[in-house]
Amino acid sequence: MAKIQLNGKKITIRPKVTIYELLKNFKLNNKKVAIEHNGIIIPKANYKKKYLKNDDKLEVVHFIGGG
Amino acid sequence: MKRDIFKVANIKLKSRLIVGTGKYKNFKETAQAVKASGADMVTVAVRRVNIIDKKKPILTDYLNPKKIIYLPNTAGCFNSEEALRTLRLAREMGGWKLVKLEVLGDKKTLYPNMIETLKSTRTLVKEGFKVMVYCTDDPLLAKKLEDYGASAIMPLASPIGSGLGLQNKVNISIIIKQSKVPVIVDAGIGTASDATIAMEMGCDGVLINSAIANAKNPIRMASAFKNAVISGRESYLAGRMKKKFFATPSSPIDGLI
């Protein structure tokens with residue numbers, strides 16, 4: 001198992017999970033989101049290639065109402 | 001009559017009214033107000049996805065980004081690093097380069113931090129962004145932003161969400177006269193007539209959020225702003241009559257009985 005931080009919240013995931021699989025678990029794979037993995041923005045094309053490991057920090061953001 | 005075209009960073013807009021999407025009761029009201037405003041561009045914020053509640057409605061379900069131009073904004077950012085991070089994420093998310101930069105300097109006044117704003121503008125332009133910049137009404141700094149490659153200058157009318165209207169018409173007028181890029185009054189507009197005044201002065205557009213969202217009837221107010229902006233623009237293009245100190249009769253003197 002791997003412990004990661006997703007949007008500031010500690011969660012435990014199975015080992016060898018890609019960003020794409022994680023998004024799918026949260027039903028976010030078809031949504032307009034952007035990902036920052038340990039401070040680096042990950043292009044959509046790399047979601048399936050990027051594996052998550054212990055202590056990773058992931059930020060998933062989207063557009064919300066704002067001025 | 002010559003067609004009046006409004007372009008920002010080569011994007012043609014039908015409406016000179018840009019609206020914010022914050023502070024509404026719910027997304028339904030947001031969508032209705034945007035529709036009533038006639039705006040084809042809306043500002044949006046970038047925030048963390050709620051990972052706990054998967055069923056929570058999201059903005060894109062109500063405002064289709066394919067039909068309306070999303071203008072990602074850095075509201076809530078207090079330094080250049082935060083603003084750049086937000087806009088780089090926005091670019092990755094939407095795939096567009098037109099953004100609104102807003103770097104705040106003080107929590108109480110939400111006044112723009114122009115030192116960080118200038119720094120960020122320079123970096124963003126270098127990275128290929130088209131940047132519409134929220135700024136103070138200082139003509140020198142507005143000119144500097146233009147020199148740095150800003151796509152639009154967005155001076156405040158008065159502090160964000162204050163509804164105090166145009167507090168420094170002289171400076172706004174100077175900025176309008178000196179700028180070659182669109183000048184869009186952003187923040188502080190309180191009611192429809194404030195928007196008309198800004199447009200009559202020759203502003204290229206106005207950006208409204210609180211004045212619509214905080215109205216008793218936001219949808220009706222959105223429609224009021226739509227008409228106010230059209231009226232102000234028409235009035236500006238028509239060219240107002242000269243002011244005189246004394247009366248001039250409207251009816252001819254000749255043939256008076």
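Numbers restart at 1 for each chain; the letters A, B, ... are given by sequence-line order, proteins then strands.
Between the CG atom of A/Leu6 and the CZ atom of B/Arg48 there is a distance of 9.0 Å, given to the nearest 0.5 Å. Between A/Ile42 atom CD1 and B/Leu89 atom CG the span is 10.5 Å, to the nearest 0.5 Å.
Looking at A/Val61 and B/Met93, their side chains come closer than 4.5 Å, going by heavy atoms from C-beta outward.
In terms of heavy atoms, A/Lys32 sits closest to B/Pro65 at CD-CG, 4.2 Å. The shortest non-hydrogen separation linking B/Val44 to A/Phe63 is CG2-CD2, 3.5 Å. Pairing each heavy atom of A/Gly65 with each of B/Ala45, the nearest pair is O-CB, 4.1 Å. Nearest approach of B/Val49 to A/Asn7, heavy atoms of both residues: O-ND2, 2.9 Å.
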Could you go through A/Glu36 and B/Arg85, starting from their C-alpha distance and side-chain angles, then the distance that decides it, and tell me whether this counts as salt bridge (charged side-chain N to carboxylate O under 4.0 Å, His left out)? CA-CA 10 Å; A/Glu36 199 185 69; B/Arg85 183 186 182 200; 2.5 Å; yes
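Each of B/Val19, B/Thr30, B/Thr21, B/Asn50 has some count of heavy-atom pairs under 4.5 Å with chain A, and the biggest count is that of B/Thr21. Comparing B/Leu207, B/Ile51, B/Thr60 by how many heavy-atom pairs each has under 4.5 Å with chain A, the most go to B/Ile51. Each of B/Ile208, B/Asp186, B/Asn209 has some count of heavy-atom pairs under 4.5 Å with chain A, and the biggest count is that of B/Asn209. With respect to chain A, the highest number of heavy-atom pairs below 4.5 Å among B/Ala75, B/Gly20, B/Gly22, B/Ala187 belongs to B/Gly22. Here B/Leu59 is the residue among B/Leu71, B/Asp61, B/Leu59, B/Thr86 with the most heavy-atom pairs under 4.5 Å with chain A. No other option in B/Trp96, B/Tyr24, B/Tyr62 has as many heavy-atom pairs under 4.5 Å with chain A as B/Trp96.
Of the two parts of B/Ala213, neither the backbone nor the side chain holds a non-hydrogen atom closer than 4.5 Å to a non-hydrogen atom of chain A. Only the side chain of B/Lys100 comes within contact range of chain A, with at least one heavy atom under 4.5 Å from a heavy atom of that chain.
Checking side-chain atoms of A/Lys44 against main-chain N and O of B/Glu92 turns up a donor-acceptor pair under 3.5 Å.
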